[in-house]
Protein chains: 2
Amino acid sequence: MPSYTAPVKDMQFVLHDLLNVTASDIPGYADLDAAFTAAVLEEAGKLATDVLAPLNPVGDREGCTLENGIVRTPTGFKSAFDRLRDGGWTALDCDPDYGGQGLPYLMGTAVGEILVSANMALNMYQGLTHGAYSAIHAHGTPDQKATFLPRMVSCQWTGTMNLTEPHCGTDLGLMRTKAEPQPDGSYRITGQKIFISAGEHDMAENIIHLVLAKAPGGGEGTKGISLFIVPKFLVNPDGTLGNRNALSVGKIEHKMGIHGNATCVMNYDGATGYLLGELHKGMRAMFTMMNEARIGVGVQGYAVAEAAYQNALAYAKDRLQGRDVTGVKNPDGPADPLIVHPDIRRNLMDQKSFVEGARAFTFWGASLIDRAHRTGDASAEGLISLLTPVIKGFQTDRGFDMAVAAQQVYGGHGYIEEWGMSQFARDARIAMIYEGANGIQALDLVARKLAADGGKHVMAFFDLVKTFLKENEGDERLKAGFLDPLKNASKSLQGAAMYFMQNGMKTPNAALSGSYDFMHLMGHVCLGLMWARMAKAAYAALDAGAPDRDFYESKIATGRYYMARQLPACAMHLARIESGAEPVMALKAEAF
Amino acid sequence: MPSYTAPVKDMQFVLHDLLNVTASDIPGYADLDAAFTAAVLEEAGKLATDVLAPLNPVGDREGCTLENGIVRTPTGFKSAFDRLRDGGWTALDCDPDYGGQGLPYLMGTAVGEILVSANMALNMYQGLTHGAYSAIHAHGTPDQKATFLPRMVSCQWTGTMNLTEPHCGTDLGLMRTKAEPQPDGSYRITGQKIFISAGEHDMAENIIHLVLAKAPGGGEGTKGISLFIVPKFLVNPDGTLGNRNALSVGKIEHKMGIHGNATCVMNYDGATGYLLGELHKGMRAMFTMMNEARIGVGVQGYAVAEAAYQNALAYAKDRLQGRDVTGVKNPDGPADPLIVHPDIRRNLMDQKSFVEGARAFTFWGASLIDRAHRTGDASAEGLISLLTPVIKGFQTDRGFDMAVAAQQVYGGHGYIEEWGMSQFARDARIAMIYEGANGIQALDLVARKLAADGGKHVMAFFDLVKTFLKENEGDERLKAGFLDPLKNASKSLQGAAMYFMQNGMKTPNAALSGSYDFMHLMGHVCLGLMWARMAKAAYAALDAGAPDRDFYESKIATGRYYMARQLPACAMHLARIESGAEPVMALKAEAF
C-alpha cells in the first residue's frame, strides 16, 4: 500500500528561502515565521500520513454507494472528515468574521497540497465547500453570509458547484435549467445537473448547492444565467434545518478514478433557490468559485504526482534488479536497486523536478492572490489571472504524465491495483478535465488572458523574467545552468506571443491552433523561472553557511535537470505554433 | 458504448500503395492482390464490429473470476473465441504443415490490428498462443511439434509465456523456479510465476505453458535458464488428454485494465515439463516468442489508439458545443460540432497522424520479418531487430498518449466508465509495461541494437532515409512538407547516434541517460519516413488519376500535419540527449 509523508522541508524552502514570506509587505505574511509554518505543515502532515493516506485506497476500492436516495461514502471517510473539521483544517484561510482562522491563501494552498496528496477524493468535499464559501463571501447578502458562511467554514455544511448539464459542459449558453421567480423573492429551480462532485453524501448535516440557471428576461446564451443558493435542507430563520428541498440524486457516476468522491447527477424539481449576486450576472459570480477551483485543481495536478513520486522513489531504492553498468553498488545483494539505472533516474528526476517546480509556481501564484486580495494590487490580480490557466492546464497535464511515469517505475506491479500506483494515475486524470478541460484553459490563456488590459499582464510577466535575468547576469554560477536556458525559453515564449499578435487578428485559427502548445510553453518558462530563482536562493543559503548543504545542493542539481532536460520542449512548442493553422485545419470535417 | 469499424481502406493503402505487396519478391506476396486482402480484412472487420467490439466493455466490467481453481472469462468470451477459432483467424500465418493457412506474417499483423482494436483483452488469448506456437515451431522436436502445434494453430489448446517471478521481472538471472531432471527425460518444475496472461481460463481444452526455469549445472544468472513445455493436462501418446499436471492458479490479479484477460499467479508444484530447445539456452528460445510478442504489443499500441480515435472523432462530429470563431457552421443547431474548434482538430490530427503512421511503420516491419523468414535475408533480419524496440516502445507510449487524448475529446464524459473511453486508456497502459517495460526497450535499442554487427543495421537505416531523400530531391511537391522536415529529423537522429558513439564507450551512462529520448527520436524519424513515402504514394495515385481524390489528398494533408507538428520533437530529444549523463546522475541516491 502506498504511503505519504508531507514534504515539509521542501515547502519550507519555498515559503522562506524562495518567497521570504516574513519579509513580505502582504498583510498577514509577517506572522508566517518558519517555526509557525513548520508547525502547521507538520501537524497537517501527521493527519495526512496517519488518517487520510491509509483511506485513499479504501476510497478507491469501495467507492460511494447510492441506496434509496442516500449516498454512503467509503468506510472511514466520515470520521476522517470529522478530524479535518474538528482540527480546523477547513477554516484555515477563511474570514475570521465567520469563524475562519484568517491565514493567508498561501497557507491554505500549502496545507491543501498535503491533504490532496494524501487523499484527493476525500479532500474534494472540503475543496468544493471552500469554493462555494468564497462565492457566497464575495457575492452574498449580509443575511446569506450570516446564515451560510459559519457553517461552511466549519464544513458542518458542505458546498457544491452545479454548472454542467447533459448537453452542455463548456458551452454554458446552452443551459436549460430554469429559475422561476416566486412572490417571496425566492426562485423555483428546475432542471438536471451532471458531474456534481460531492453532490450528496453522509458526512454533513446540509449541502449548499450553488446552481447556475436561467431566470426569465436575461436574454440568450450565457447572458441570461444567474447563480442560486439551493440548500438540500431549507434553513429556518433561526438557522436550524427546515424541510427537505425538492432536489435529489439521480445516480452516482461510475468513474475512472476519485471513487471516494460522490459524483452525482442532481435533479432539481422546483427546488427553492435564492439568488446569489446580481440577476443575470451569474457567470461572474460563478467565476469567483471557478478561478479558485482552477488553482485548486492545479494543486491536484502536482500533489498527486508528489504522492506517486514518493512511492516510486521508495520502490526504486528497494527493488533489486540488474546491476549498475559502471560498477556493482550492492555487492552483498543479488542485484542493485533500480535507482542505479540511468533511465530510472531520468524518470525520477522528471518527476522530482516537475513537482518541486510546480509547488514553487503554485505557492508564488497563491502569494499573488494574497497580494491582490489583501492589498488590492490590480497588477497582482492581472498577473494571477494570466497564470491561472497555466497553473491549471499545464500542471494537471504534466502531473498526470508524472503519475503515469511513477507507475512505470513499478513495472508490472504498477498495473496491479493493490500496489496503488494505478489509482494515482486514474485519480490524476480527472484534473485535466474538470473545472474547464485543458483545451479550454489554453483557449482562455490565448484568446482572453494574453490580450487582457491591452496585453499588460503578459508584458509584466516578460518583464519579470527579463529583470531576473538582468539582475543576475553577472552570476557565473547561475549562467550556464539556469540563466541561459531561461533566456532561450523565454525567447521562444515571446516568439510565440509575437506570432499570435501578427497572425491571430487576421486569422484567429492561427492563434487557436497553437493555444495548447502555448500553454505548455508558458508552463515550462514559469517552472524555469521558478527553478532559476530557487537555485539563486539555494546558493544564497549555501553562501550564508546553512548547515544542511546536501539539501541546498540537491535543489540546485534538481533545477539544473529541469533546465537541461525539460526546457528543450520550449523550442518544439514554438515550432509547432509557428507552423500555424494550415496543417491543423487542412482537412475538411467530412474528410476525417 | 464505443463502436469500431475496421479501417480497411487505410490498410489497403498501406499494403498496396505504399508497400506494393504484389510486386514484392517475397514468396507468398504475389498472392496478396487487392481483392484478396480486402476480402480478408473486411471479413475480419465484420467479426470485429459485430462480435468482438460489443464484448469489449463487457470484459472490462465483468473481468475474470477464479473459483475453486476454475477461471471463468466474461460473458460471451467463450463463444466469441469459438468464432475466432472456427473462422480460422488463429491460423492465418501459421505453417500449413500443422494446419495453418501459410499467409505472410504481414497479413497476420493486419488482421491482428483489427482484432486488437475491437477487443484487446480477448485477442490476447490467441496472441499468446501464437507466441508459444512460434517458439515450439522454432525449437521443438518433431514429436513436440506434431503433438502441440496443430492444436495450438487452431487454438483448441492455448499457450502462455512464464517468465516473471515475484522478485524478478527484467532481471531474469534472479529466477528461482527449478527444473529437476527425471529418469524418463522429463523435468519436475517447481516455483511461482506471476503476471501470466491467459494463464488459466475456460475457453480451451488444454493450456500449454512455456516456462523458464533453472536446471542443474547451468551456472549463474541467465546462463542457467532453460525453457520447458508444461501442459495443464499431460498429453497421452495418442494425443488425448491425460492427467492434470501439478500446476494451479494462485490468484487472478486485479488490474488497471484488460480485465477480460486472466492475469494469473501460476504455481508449479513439481509439475511435469519437457525441455524445449537446448538445455541452458532457454533465453534464446524465449526470445523467439519475445520478439514476436514485442511486435504484437507495438500493434496494441496503435490499435487501441485507432479504436479510441474512431470514437473521439464520432463524438467530435456529433457533440454540439460553442461556435466556430471563423463563422457559424451549424446555423440550424444550437451550437457547432466540436470538430470546428482548432484545438479539437489539433487533438484529432495528433491521433490520426500517429495511428496511420504507426500502421505503415508496423506493416513495413512485418514485411521485413517476412523477408527475413521467407528469403533468409540477414539484412532484413538485422533491420527489424533494430526496429523492434522502437515499434514496441515508441508506439505503446504514443498509443497510450493518444488514447488519453481521445478520452479528452469527451470532456467529463471521457472520465465516466459507461462511455468506454476510460477503458481504452486503461487497456493501452499495459502495453508500455509488459513484454519488457519501455525503459528496457530503450536500453535494448541503445545498448544492444545500435552496436549490433558493428552498427551495420543502423547505418542501413540511415541509408534508407538518405536514399529516399536523394531519389526524391527534385520533387517540389514533397520538398517543404516532407523532405525538409525528414532531413532535419534524420540529422537529429544521426547527431544523437554520434553523441552516443563519442561518449558512450567512455561513459556508458551518457548513452543510457539518453536512451529513452533516442527511442522516441527514432520513432518520430520512422513515422516521418513512412509519411514521406505515403505522401509520395498518394501523389502517384493522384497522378495516375485515381478516382478517390479526397482520400489521397487527405493522406497528404495528414502527413503534412505529422511532419509539421510532430517532427519538431526530434530536436528536443537531441538536446536532452546531448545534455548527457551529468544532470541525470548528479544526485546521489541518498539525496533523493
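The figures here come from the full heavy-atom set of this structure, side chains too, leaving out hydrogens, waters and symmetry mates.
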Just so I know, are the side chains of A:Pro583 and B:Met349 near enough to count as touching, which here means a heavy-atom distance under 4.5 Å?
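They are not in contact (no side-chain heavy atoms under 4.5 Å apart), so the answer is no.
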Min side-chain heavy-atom separation A:Arg429-B:Gln408 under 4.5 Å:
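Touching, per the 4.5 Å side-chain cut-off.
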Where does [X] contact chain A at under 4.5 Å (heavy atoms): side chain, backbone, both or neither?
| X | value |
| --- | --- |
| B:Ile339 | side chain |
| B:Thr170 | both |
| B:Thr326 | side chain |
| B:Gln407 | both |
| B:Ile258 | both |
| B:Pro337 | neither |
| B:Phe551 | neither |
| B:Asn438 | both |
| B:Lys352 | side chain |
| B:Ala447 | neither |
| B:Ala571 | neither |

Under 4.5 Å from a heavy atom of chain B, the part of [X] involved:
| X | answer |
| --- | --- |
| A:Phe195 | side chain |
| A:Val325 | side chain |
| A:Arg426 | both |
| A:His413 | both |
| A:Leu174 | side chain |

Option that, when pairs with chain B are counted at under 4.5 Å, heavy atom only, ranks first among A:Ser422, A:Pro342, A:Pro334:
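Answer, by heavy-atom pair count under 4.5 Å with chain B: A:Pro342.
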Quick one: of A:Val404, A:Thr558, A:Leu313, who has the most non-hydrogen atom pairs under 4.5 Å with chain B?
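Top option by heavy-atom pairs under 4.5 Å: A:Val404.
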So, the side chain of B:Tyr415 versus the backbone of A:Gly257: is there a donor-acceptor pair under 3.5 Å, distance only?
yes
Atom CZ in B:Arg560, atom OG in A:Ser579: separation rounded to 0.5 Å?
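One gets 10.0 Å once the value is rounded to the nearest 0.5 Å.
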